[in-house]
Amino acid sequence: MADNDSVLAAAAQWAGAPLALATVVSTWGSAPRPRGSHMLVHGDGRFEGSVSGGCVESDILATAAQVIAGAPAVLKHYGVADDAAWEVGLPCGGKIDVLVQPVRDDGFPPDLFAAIAEARARGEAFSVATDLASGQSREGSAGAFVNRYDPPRRLLIVGAVQIAQALAGLARELGIAVTVIDPRARFLTEERFPGVTLDDRWPDEAIEALKPDPATAIVTLSHDIKIDDPALIAGLASPAAYIGSLGSRRSHAARVERLQAAGVGEDAIARIDAPVGLDIGAIGPAEIALSIAAAMVGAFNGRR
């Protein structure tokens with residue numbers, strides 16, 4: 001899945017302006033951006049997103065200007081097959097095909113952006129099918145190229161502790177929306193957690209209300225079984241992509257026994273990443289947070 005959150009945000013901000021949308025529709029080898037990545041170009045020259053990390057963006061901007069001026073959609077191929085590769089190409093050795101469409105009814109209809117945003121706000125995925133020959137896009141999952149827009153990634157952190165402070169900052173840098181849950185008001189303050197959502201409900205109540213989906217991660221960090229265990233029980237009843245819990249192997253063994261006594265099945269308990277995070281020999285809150293963030297991203301990307 002490509003990360004297109006900033007592009008979708010720009011589309012909402014620039015609604016009604018002349019725009020062109022560039023999309024990576026095929027990749028081979030060491031492509032710098034995944035299939036489905038967007039770059040949105042405004043008629044005044046501004047742009048958001050990337051299709052190559054900088055290698056071919058100048059050429060995309062020139063092509064987008066032509067499309068905005070009235071030219072039809074065009075499919076561009078970039079590789080390293082000729083002498084111009086170092087001027088407009090991919091020195092990394094990969095190859096990409098990029099479709100540049102006008103954001104209008106004969107290309108990427110503007111109302112599709114609104115439909116994508118509405119679906120994601122409901123926690124639902126939305127698919128757009130594109131005919132690469134005509135450059136016409138429409139809602140659906142049948143076409144030569146289909147791009148799926150999953151709901152925004154979320155992280156629910158249970159326990160407003162020091163590790164949570166570092167983890168919240170990392171997650172925000174990764175474009176993940178963060179909610180910190182803790183019924184202890186002295187821990188849960190805006191000074192300690194700037195720029196994130198704070199929820200002082202009991203974790204099981206909060207998690208049930210927030211309805212975790214496959215784009216949600218849940219991490220319990222309080223080290224207080226009265227807080228962590230109810231959160232895990234609620235989280236394991238959801239389709240969350242990642243569920244992790246702080247603690248040693250010994251403390252997790254005791255946790256497993258408590259969860260089993262509470263009626264949680266073995267398959268559900270096996271979903272818990274504990275001790276939480278990748279084993280990188282982490283020392284201190286910041287390194288532990290980094291290990292958790294890496295494990296969470298791996299789960300979002302289908303790797304455990």
Side-chain angles (χ1 to χ4, degrees), residues 1 3-13 116-126 149-224 226-246 272-273 276-277 285-286 288-301:
M1 180 191 74
D3 177 11
N4 288 312
D5 287 354
S6 65
V7 170
L8 296 174
Q13 183 180 356
I116 293 167
E118 290 169 3
R120 297 176 88 229
R122 295 192 302 268
E124 300 173 358
F126 189 93
Y149 302 86
D150 289 325
R153 290 176 173 178
R154 296 185 293 162
L155 169 61
L156 310 183
I157 302 175
V158 177
V161 297
Q162 191 175 11
I163 296 171
Q165 291 177 282
L167 180 58
L170 283 172
R172 289 183 62 206
E173 290 297 318
L174 292 167
I176 299 170
V178 181
T179 298
V180 180
I181 303 167
D182 199 316
R184 302 169 297 184
R186 292 179 62 184
F187 287 73
L188 197 70
T189 66
E190 292 184 1
E191 290 77 15
R192 299 186 70 232
F193 294 95
V196 305
T197 301
L198 306 180
D199 193 323
D200 63 1
R201 289 175 288 186
W202 279 94
D204 53 344
E205 178 186 351
I207 289 172
E208 289 172 4
L210 291 169
K211 296 180 171 57
D213 55 37
T216 305
I218 302 169
V219 177
T220 66
L221 301 174
S222 80
H223 244 323
D224 183 333
K226 298 188 303 297
I227 294 175
D228 287 351
D229 284 8
L232 289 170
I233 293 171
L236 291 171
S238 78
Y242 178 77
I243 299 175
S245 192
L246 186 68
I272 303 172
D273 182 21
V276 68
I288 294 171
L290 176 63
S291 75
I292 296 170
M296 171 180 64
V297 170
F300 280 142
N301 293 336

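Worth knowing before you read on, the calculation uses all heavy atoms, side chains too, and leaves out hydrogens, waters and symmetry mates.
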### Message
Once side chain to side chain contact (heavy atoms under 4.5 Å, CB included) is applied, do any residues pair with D228, and if so which ones, sequence neighbours excluded?
### Response
V158, T220, S222
### Task
Measure the spacing between CZ of R120 and CG of D150 and express it to the nearest 0.5 Å.
8.0 Å
### Query
Which pairs count as salt bridge (charged side-chain N to carboxylate O under 4.0 Å, His left out) when at least one residue sits in residues 180-190, sequence neighbours excluded?
D182-R184
### Message
Do D273 and Y242 pair up side chain to side chain, a donor and an acceptor below 3.5 Å, judged on atom types alone?
### Response
yes
### Task
Drop me the distance from D3's CG to L8's CG, to the nearest 0.5 angstrom.
9.5 Å
### Summary
Here the gap from F300 atom CZ to L174 atom CG, rounded to the nearest 0.5 Å, amounts to 9.5 Å
### Query
Which residues satisfy the side-chain hydrogen bond (donor to acceptor under 3.5 Å, both in side chains) test with T197, sequence neighbours excluded?
none
### Task
Would you please name every residue forming a side chain to side chain contact (heavy atoms under 4.5 Å, CB included) with D213, sequence neighbours left out?
P151, R154, A215, T216
Can you give each donor-acceptor pair under 3.5 Å made by side-chain atoms of residues 291-298, sequence neighbours left out, with the distance rounded to 0.1 Å?
| residue | atom | partner | partner atom | Å |
| --- | --- | --- | --- | --- |
| S291 | OG | I288 | O | 2.7 |

### Message
With side-chain hydrogen bond (donor to acceptor under 3.5 Å, both in side chains) as the rule and sequence neighbours excluded, what pairs involving residues 200-211 come up?
### Response
D199-R201
### Task
May I have the step-by-step check of side-chain contact (heavy atoms from CB on, under 4.5 Å) for F193 and V178, ending in yes or no?
CA-CA 10 Å; F193 294 95; V178 181; over 6 Å; no
### Message
Ignoring hydrogens, what is the shortest heavy-atom contact between I243 and G235? Give both atom names and the distance.
### Response
CD1-O, 3.4 Å
### Message
Rounded to the nearest 0.5 Å, what separates atom CD1 in I181 from atom CG in L221?
### Response
11.0 Å
### Distance in Å, L155 CG paired with I218 CD1, rounded so as to fall on 0.5 Å steps
9.5 Å
### Message
I need the full list of salt bridge (charged side-chain N to carboxylate O under 4.0 Å, His left out) pairs touching residues 229-241, with sequence neighbours left out, sorted by first then second residue.
### Response
D229-R258
### Query
Any salt bridge (charged side-chain N to carboxylate O under 4.0 Å, His left out) pairs touching residues 163-179, not counting sequence neighbours?
none
### Summary
d(I272 CD1, L232 CG) to nearest 0.5 Å is 5.0 Å
Please tabulate, for side-chain N and O atoms in residues 159-171, each donor-acceptor pair with protein atoms closer than 3.5 Å (sequence neighbours left out).
| residue | atom | partner | partner atom | Å |
| --- | --- | --- | --- | --- |
| Q165 | OE1 | R192 | NH2 | 3.3 |
| Q165 | NE2 | R192 | O | 3.1 |

### Query
Shortest non-hydrogen contact from I207 to A234?
CG2-CB, 3.9 Å
